Amino acid sequence: MTDHKQQFQEFIKNELNTEQQKAVTPAKGSFLVIAGAGSGKTRVITARITQLIIDHNVEPSSIVALTFTNKAAKEMQERVEQFLPHLETKPIIATFHSYCLRLLKKNRYLLRNENFSILDSADQYKLVQNLIKEHGISNIFNARQLLALFSSFKMSETLKINDETAIPTYHIQQFMELYNSYEQQKRASNYFDFDDLLYKTYELFATNQTFQAQHHVRHRHILVDEYQDTNLIQHALLKKITLLDNNLAVDSVCAVGDEDQSIYSWRGATVQNILDFDQEFTTTKTIKLEQNYRSSQRILDIANSVITHNTQRNHKKLWSSNNKSHTPLQLECLSDLQEAYTITNSIKTLAKTGKLSSIAILYRTHYQSRIIEEALLKESIPYKMIGGIQFYERKEIKDLIAYMRLIVNPFDKVSFLRIINCPLRGLGKKFEELFLHTWQQEPLLTFIQIAQKIIDEKLTTPKQRASLQQFIRLFDSLTEQSDPTAALELFISKTNYITYLQDNFDKQEAQIKKENVSEFVRAAEYVERTQQATLASFLEDIALMQEHIIQDNLAQDCVQMMTLHSAKGLEFDTVLLTGIEDGILPSNQSIENGNIEEERRLFYVGLTRTRKKLLLLHSKYRNTFGQMTIQRPSRFLQEIPTHLLHQEGAKHWSKSQFMTFFNQWISNSITTNHTANDFNFTVPAHIKANDITKQQSKSSSTFKRLQSVKHPKFGLGIVQFIESKGDKTFVTVHFTNHGKKKIDSSFLDIV
């Protein structure tokens, strides 16, 4: 132990800064460590645990460190073991849920149902589905919606909180009947769900003073990681574990977190927990870790300038000793399509100087990934989705593709089985077995012919025959030459697919899936407009993209793609942050609900992921769910002082201009800002300013295919064909709200 102690003291002296040492070295008291992004919070927690054991002779088993993921718990355990490799008894490092399960198992005799088992998420969902079916109210509630409401209601009841959102304002009687039935079913089967692990443990502390006193004696040092992510029950539980009559009943409690990175309110996280910590624990010493070990000072100045606009925070200012400043870039694109290819152009240039895996593309919502994924695939740039599923692998997209595949290939058994009961049609497993058995006997018949055979020969119930007849009618008017958009819209409408998503997924997940469906329709519209695609050719394009995706998944070096939520805790050499526009970041929903501060924290998280290079992208026009809209740059961009980053308008750049510019940016040789219309890399001295203006005016009058244009009556559209007749130019344009029109070019403006 002596050698380890000496090595550890050297570590404290040489590897921890002054503020980190303040958080690590004291043995007793209440501590709130405000750990800014990249400030080494995990190092502080693990060093504090080690310090307690080595310098203060604390029994390891009396130390409890709580976190939110098994991955984080494992990492913390491994770091402690690096300091103390031969430790016989170990500190308890676990997630909230696993620690509560440990306490409940150890104290079974105090519970009413000693032989409990855990009801996992899948079985929990199935139980609630059955209850809804038994009560005959599937038209009122869905299982995922109810589980979220049950959790909120249980929290309000346990903590005696008057929460108006805990129960629905409609159908209260039916909700209470279902809740009571659910609790009764669990009791009858000796089940605890994951919420119960927290609530039952809290109730043990609240109702059994002996149990609480024994825990206070056995576990003297409590640490909590990511405190900004705690919910109300976890906060209440910590108080029971550490306090008695509002006074500290253990030797130390240490909460580590950063309110500026609190981005999970939709999961129940309450930023107020960390903001009010020093009021709940009255003798708290607050320590701020402001030195950042990840990013350059210029990146931190941008992040600081944005987050200071939040009022719900502990004031701090991140700083870095890294003054090697690469110029951050803000780029305005013409459209989301150009934005996607701006990303690929920048990555191609970046790949010459580093690994693809050191580059991250971050976006606010899942549906934004589709157009970027397609651009990456077309440019043969391998990518990997982190914390999400590639667009064409998402359930809702695969469902709709399966409907379309049956038109092109009516012998496709896999697609048939995927959608015959999606949405539900009352055609269960036995029906599927009957259908497949009949098909095996008649392998030369299509799925429609097999269905008709089952109907004609009355091989199943009248209700199922009616449902089957309704199913095959979906395909009556469609062929492989049909327009993909028309086919998609028909399937979505006739199957009530959007209602199916709303009824079978919780509110947030259903919204994400609806956005993905709308984005898929938009993809179909685009290939129709640009390639005159048929249903068959559209599916061929998707199949080729999926093959590329499979190859990308095998690649060792890939660009990383993820939402801003998934990016928390990660870091990259280069971050490309896309779609920074009002309505996206911050989202429309957050703007309407006045929840701008959390959206700003989300942007802050994105900014602080980067080690070296930062590219901020936004578009003037965006095709959102079939509508071409004019976009406003995010209000958060206006909070960044202009001297901190380089701003460019790339709306009319050619590919060669992009490549030349990115070479300059990556080499950090850009020194001045340019506006959207005056960009010019090298202007010879003999060319006058007005000559440049004339050249730009002339080039802007030349129409190109796929260019965005605007008509005073028909609005925004995309150029499809250009033809000259004499001294006049006629342009065929597909207008967003008026379809195809052939227009004299003099009536059109390039946008």
Side-chain angles (χ1 to χ4, degrees), residues 330-346 361 363-365 367-375 485 515 518-530 576-588 591 615-638 647-655 657-658 675-677 679 696 699-720 722 731-741 743 745 747-751:
Q330 178 186 330
L331 209 57
E332 182 184 42
C333 299
L334 179 65
S335 66
D336 48 353
L337 181 63
Q338 191 196 41
E339 181 184 68
Y341 282 97
T342 298
I343 289 169
T344 61
N345 285 329
S346 65
I361 303 168
Y363 39 84
R364 174 64 178 85
T365 56
Y367 78 84
Q368 290 174 261
S369 76
R370 196 272 307 173
I371 196 168
I372 301 171
E373 286 186 68
E374 291 187 6
T485 308
E515 288 172 351
S518 296
E519 184 64 16
F520 190 37
V521 173
R522 183 205 158 186
E525 289 174 342
Y526 177 75
V527 296
E528 269 184 49
R529 187 169 66 238
T530 58
L576 285 64
L577 228 166
T578 71
I580 313 175
E581 299 146 24
D582 270 7
I584 298 179
L585 183 67
S587 68
N588 278 323
I591 293 170
L615 173 55
L616 307 176
L617 292 159
H618 59 98
S619 298
K620 186 173 181 181
Y621 298 98
R622 190 170 292 274
N623 195 327
T624 308
F625 311 141
Q627 297 293 318
M628 185 71 79
T629 57
I630 299 175
Q631 298 293 105
R632 291 179 57 189
S634 172
R635 62 196 68 190
F636 302 150
L637 291 175
Q638 297 168 25
Q647 296 172 308
E648 285 285 358
K651 297 192 291 296
H652 303 299
W653 287 4
S654 66
K655 188 171 183 178
Q657 282 180 305
F658 270 113
T675 65
N677 294 317
F679 181 81
Q696 289 173 340
S699 66
S700 68
S701 67
T702 304
F703 291 91
K704 296 177 182 178
R705 193 165 174 270
L706 304 185
Q707 204 165 32
S708 295
V709 293
K710 190 174 183 180
H711 186 272
K713 179 179 178 182
F714 302 127
L716 293 171
I718 302 291
V719 173
Q720 289 194 323
I722 304 109
V731 185
T732 301
V733 180
H734 187 283
F735 291 100
T736 304
N737 297 317
H738 296 278
K740 290 181 184 178
K741 305 280 184 186
I743 306 285
S745 64
F747 292 99
L748 296 171
D749 290 320
I750 296 172
V751 293

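If you read the sequence from its start, that first residue is 1, and numbering goes on from there. Please read all numbers here as calculations on a predicted model, not as lab measurements.
When all heavy atoms of I584 and G579 are compared, the closest pair comes out as CG2-O, 3.3 Å. Here the closest heavy-atom approach between residue S654 and residue Q657 is recorded as N-OE1, 2.8 Å.
The OG atom of S346 lies 5.5 Å from the CG atom of L615; values are rounded to the nearest 0.5 Å. Taking CD1 of I361 as the reference point, atom CD of E373 lies at 9.5 Å (rounded to 0.5 Å). Rounded to the nearest 0.5 angstrom, L616 CG and I580 CD1 are separated by 4.0 Å. A distance of 10.5 Å separates CG in N345 from CH2 in W653, rounded to the nearest 0.5 Å. The OH atom of Y363 sits 8.5 Å away from atom CD of Q368, with the distance rounded to the nearest 0.5 Å.
A donor-acceptor pair under 3.5 Å is formed between the side chain of S634 and the backbone N or O of L585. When atom types are taken as modelled, the side chain of Q338 and the backbone of A650 share a donor-acceptor pair closer than 3.5 angstrom. Without hydrogens or angle criteria, E374 side chain to I371 main chain gives no donor-acceptor distance under 3.5 Å. With hydrogens and angles disregarded, no donor-acceptor distance shorter than 3.5 Å links the side chain of Q638 to the backbone of R635. The main-chain N or O of L637 is never found under 3.5 Å from a side-chain atom of Q330 such that the two would form a donor-acceptor pair. Between the E339 side chain and the T578 main chain, no donor and acceptor come within less than 3.5 Å of each other.
Residues V709 and V733 have side chains in contact (heavy-atom distance under 4.5 Å, counting atoms from C-beta outward).
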Inset, instruction - Carefully, step by step, assess H711 and L748 under the rule side chain to side chain contact (heavy atoms under 4.5 Å, CB included). - result: CA-CA 5 Å; H711 186 272; L748 296 171; 3.9 Å; yes
Inset, instruction - Could you walk me through whether I630 and Y621 pass side chain to side chain contact (heavy atoms under 4.5 Å, CB included), step by step? - result: CA-CA 5 Å; I630 299 175; Y621 298 98; 3.5 Å; yes
Inset, instruction - Verify side chain to side chain contact (heavy atoms under 4.5 Å, CB included) between L331 and T342, making sure each step is shown before the conclusion. - result: CA-CA 9 Å; L331 209 57; T342 298; 3.6 Å; yes
Inset, instruction - Evaluate salt bridge (Lys or Arg N to Asp or Glu O under 4.0 Å) for E332 paired with K620, printing each intermediate quantity in order. - result: CA-CA 7 Å; E332 182 184 42; K620 186 173 181 181; over 6 Å; no
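For the side chain to side chain donor-acceptor pair (under 3.5 Å) with D336, the lone residue among Q631, R522, H618 that qualifies is R522.
Applying the side-chain contact (heavy atoms from CB on, under 4.5 Å) rule to S587 yields the partners R364, Q589, S590, E599; only residues at least two apart in sequence or on another chain are considered.
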